[in-house]
Amino acid sequence: LSSTRQGLRGKTLGIIGYGHIGRRVAELALRLGVNVIVNDPPLWNSGINLDRHIEHCTLLELVSRSDILTNHVPYTVGGTYKTVGLLGENILNTLPQNSLVIHTSRGGIIVERALENLLETHAITAAIDVWQSEPYINAYLARQCLLATPHIAGYSFEGKVNGSITIARALEHYMAEVLHKPIAIDWRIFEEALRSTSIQKPLDYTDHTALLEALRASRQLESDSAQLLACLENNNAEGFDYLRATYPVRREILR
C-alpha cells in the first residue's frame with residue numbers, strides 16, 4: 001500500500017509462475033505502468049513465446065531485481081520443478097531493500113523462517129495469504145506483515161463463479177469424452193452472475209490513488225487482516241477456519 005502511494009509506474013514486478021493467474025497479474029501490472037519479469041522454467045523449457053513486454057529470467061535474477069515479488073505456482077514436493085521451499089534464505093536474501101513480498105499461492109512455497117529473518121533484518125514488507133501449517137499459522141510472522149489474511153485471496157464473488165465454471169467445463173469434458181454421455185450445461189447462469197456487478201464506473205489505471213481506494217472498498221483486506229490478527233491473540237485455529245467459512249461477498253473491480 002505504501003508503494004502505491006509513492007507510485008507504481010516504473011517499478012519492477014517479479015512473477016514466479018506464469019500460468020492463468022500469473023498472466024492475469026502481469027496484464028494488470030502492465031496497465032499500471034509496471035515492468036514485468038517472470039520465472040516459469042516448465043513453461044520456458046516448452047518453448048513458449050512470451051509477450052514482447054515481458055522478460056523471462058532465472059529465479060535468482062528475478063528476485064534480485066524485483067521491487068514487488070509474487071508467486072503463483074502449484075504445490076509440488078518433488079521432481080524437476082519442485083516448488084516446496086522454492087523461496088528459501090539464499091534466494092530471499094537477494095531481494096532489494098524496500099521491496100514487497102506477496103504470497104498467495106500455497107503455504108510451503110516460501111520458507112517461513114527465512115522470511116521471518118528477512119523481515120527482522122531488512123527493509124522488506126510482506127503481504128501473506130497462505131500459510132505452511134493452516135489453520136495453525138505462524139502468528140509471529142503474521143504480526144510482522146503489512147497484510148496477513150486467512151487464505152481468502154480467491155474468495156471474491158467473481159473468483160467463486162469462475163471456479164464453478166472451471167468445474168463445470170471439466171465435468172462436461174469428462175461426461176462427453178470419458179463416459180460418452182454428453183450433458184447440456186446452461187451457461188447462462190454463470191454469464192448472468194458475472195454481469196451482476198455493482199461496479200459501473202470505468203477505472204482509470206493511471207490514477208493509482210483512486211485504484212487503491214476502490215480496492216479498499218471492494219476487498220477490505222486491511223479489515224480481513226485485523227480480524228485474523230485478533231484471532232491469533234488466543235492462538236485460535238478455529239478462528240482461522242471460521243473467517244474462511246463466513247467470508248462475506250466481495251467483488252472484484254479490476255477488469
Side-chain angles (χ1 to χ4, degrees), residues 8-96 99-112 114-115 126-132 151 153-156 158-174 177-178 205 252 254-255:
L8 287 170
R9 186 168 296 280
K11 300 289 186 181
T12 296
L13 170 66
I15 302 175
I16 304 171
Y18 196 57
H20 177 74
I21 297 175
R23 290 168 192 252
R24 180 65 175 140
V25 172
E27 176 189 341
L28 294 171
L30 290 171
R31 290 191 198 178
L32 292 168
V34 174
N35 302 318
V36 176
I37 56 178
V38 303
N39 173 261
D40 192 320
L43 201 65
W44 184 251
N45 292 339
S46 72
I48 192 169
N49 292 319
L50 298 176
D51 183 284
R52 64 185 180 87
H53 299 294
I54 296 174
E55 175 188 354
H56 189 277
C57 52
T58 67
L59 179 63
L60 185 61
E61 182 184 359
L62 179 139
V63 174
S64 66
R65 290 172 54 189
S66 294
D67 298 303
I68 306 165
L69 177 68
T70 183
N71 70 91
H72 304 284
V73 297
Y75 186 88
T76 308
V77 297
T80 304
Y81 303 115
K82 174 185 174 182
T83 62
V84 173
L86 182 68
L87 297 173
E89 183 177 8
N90 291 340
I91 294 291
L92 289 176
N93 282 344
T94 66
L95 272 167
S99 58
L100 169 65
V101 177
I102 303 172
H103 184 32
T104 61
S105 60
R106 294 287 301 276
I109 307 303
I110 288 181
V111 177
E112 291 185 353
L115 184 57
I128 302 180
D129 181 59
V130 292
W131 309 86
Q132 187 167 334
H151 203 152
Y155 270 33
S156 69
E158 285 76 9
K160 291 180 178 181
V161 173
N162 286 321
S164 298
I165 291 173
T166 299
I167 293 171
R169 284 176 176 160
L171 175 62
E172 182 183 49
H173 175 81
Y174 180 79
E177 302 299 325
V178 178
Y205 280 76
E252 297 289 347
L254 301 182
R255 300 286 185 263

Query - Close side-chain approach of L69 to V63, heavy-atom, < 4.5 Å - result: yes
Query raised in the report: Is the backbone N or O of T76 less than 3.5 Å from a side-chain atom of T83, with the two atoms forming a donor-acceptor pair by type?
Result: yes
Would you mind writing out the side-chain donor-acceptor pairs for residues 159-168 within the sub-3.5 Å range, not counting sequence neighbours?
{"residue": "N162", "atom": "ND2", "partner": "E158", "partner atom": "O", "Å": "3.1"}
{"residue": "S164", "atom": "OG", "partner": "K160", "partner atom": "O", "Å": "3.0"}
{"residue": "T166", "atom": "OG1", "partner": "N162", "partner atom": "O", "Å": "3.1"}

Query raised in the report: Looking at L13, I54, L62, which hits side chain to side chain contact (heavy atoms under 4.5 Å, CB included) with I37?
Result: L62
Requested in this report: Go through H72 and I15 one step at a time and tell me if the side chain to side chain contact (heavy atoms under 4.5 Å, CB included) criterion holds.
Outcome: CA-CA 7 Å; H72 304 284; I15 302 175; 4.0 Å; yes
Report task. For the pair D129 (side chain) and A153 (backbone), establish whether a donor and an acceptor sit closer than 3.5 Å, ignoring hydrogens and angles. Result -> yes
Report summary line: Output for pair (T58 OG1, W44 CH2), nearest 0.5 Å, gives 11.5 Å
Report task. To the nearest 0.5 angstrom, please state how far the CG atom of L100 sits from the CD1 atom of I68. Result -> 6.0 Å
Query raised in the report: How close do S66 and S99 get, heavy atom to heavy atom, and via which atoms?
Result: O-CB, 3.5 Å
Query raised in the report: What's the verdict on side chain to side chain contact (heavy atoms under 4.5 Å, CB included) for L86 and V84, showing C-alpha distance, side-chain angles and the deciding distance?
Result: CA-CA 5 Å; L86 182 68; V84 173; over 6 Å; no
Query raised in the report: Is the closest side-chain donor-acceptor distance between R106 and Y75 under 3.5 Å?
Result: no
Query raised in the report: Side chain of R31, backbone of Y205: donor and acceptor closer than 3.5 Å?
Result: no
Query raised in the report: More than 12 non-hydrogen atoms from neighbouring residues, nucleotides or ligands closer than 6.0 Å to CD1 on I21, yes or no?
Result: no
Query raised in the report: Do S105 and N71 meet the criterion of a side-chain donor-acceptor pair at a distance under 3.5 Å?
Result: yes
Report task. Kindly indicate whether the side chain of R9, heavy atoms from C-beta on, has any atom under 4.5 Å from the side chain of L32. Result -> no
Query raised in the report: Taking it one step at a time, do T70 and I16 satisfy side chain to side chain contact (heavy atoms under 4.5 Å, CB included)?
Result: CA-CA 6 Å; T70 183; I16 304 171; over 6 Å; no
Requested in this report: Side-chain contact test, heavy atoms from C-beta onward, threshold under 4.5 Å: evaluate it for L92 versus V111 and give yes or no.
Outcome: no
Query - Test side chain to side chain contact (heavy atoms under 4.5 Å, CB included) applied to L115 and I128, step by step - result: CA-CA 11 Å; L115 184 57; I128 302 180; 3.6 Å; yes
Query raised in the report: Of the options N39, N90, T94, which is the one that meets L60 in a side chain to side chain contact (heavy atoms under 4.5 Å, CB included)?
Result: T94
Report task. Rounded to the nearest 0.5 Å, what's the gap from NE2 on H103 to CG on L87? Could you check? Result -> 8.0 Å
Requested in this report: Look only at the side chain of D67 and the backbone of T12, and say whether a donor-acceptor pair between them is shorter than 3.5 Å.
Outcome: yes
Report task. Please examine the side chains of E112 and W131, heavy atoms only from C-beta on, and report whether any two atoms are closer than 4.5 Å. Result -> yes
Query raised in the report: Is the count of non-hydrogen atoms from other residues, nucleotides or ligands lying under 6.0 Å from D51 atom CG greater than 12?
Result: yes
Requested in this report: Take N45 and Y81 through the side-chain hydrogen bond (donor to acceptor under 3.5 Å, both in side chains) test and state the conclusion after the steps.
Outcome: CA-CA 11 Å; N45 292 339; Y81 303 115; 3.0 Å; yes
**Report entry** Test: E27 and R24 ion pair at under 4.0 Å
**Finding:** yes
Query raised in the report: So which pairs with a foot in residues 70-81 pass salt bridge (charged side-chain N to carboxylate O under 4.0 Å, His left out), sequence neighbours left out?
Result: none
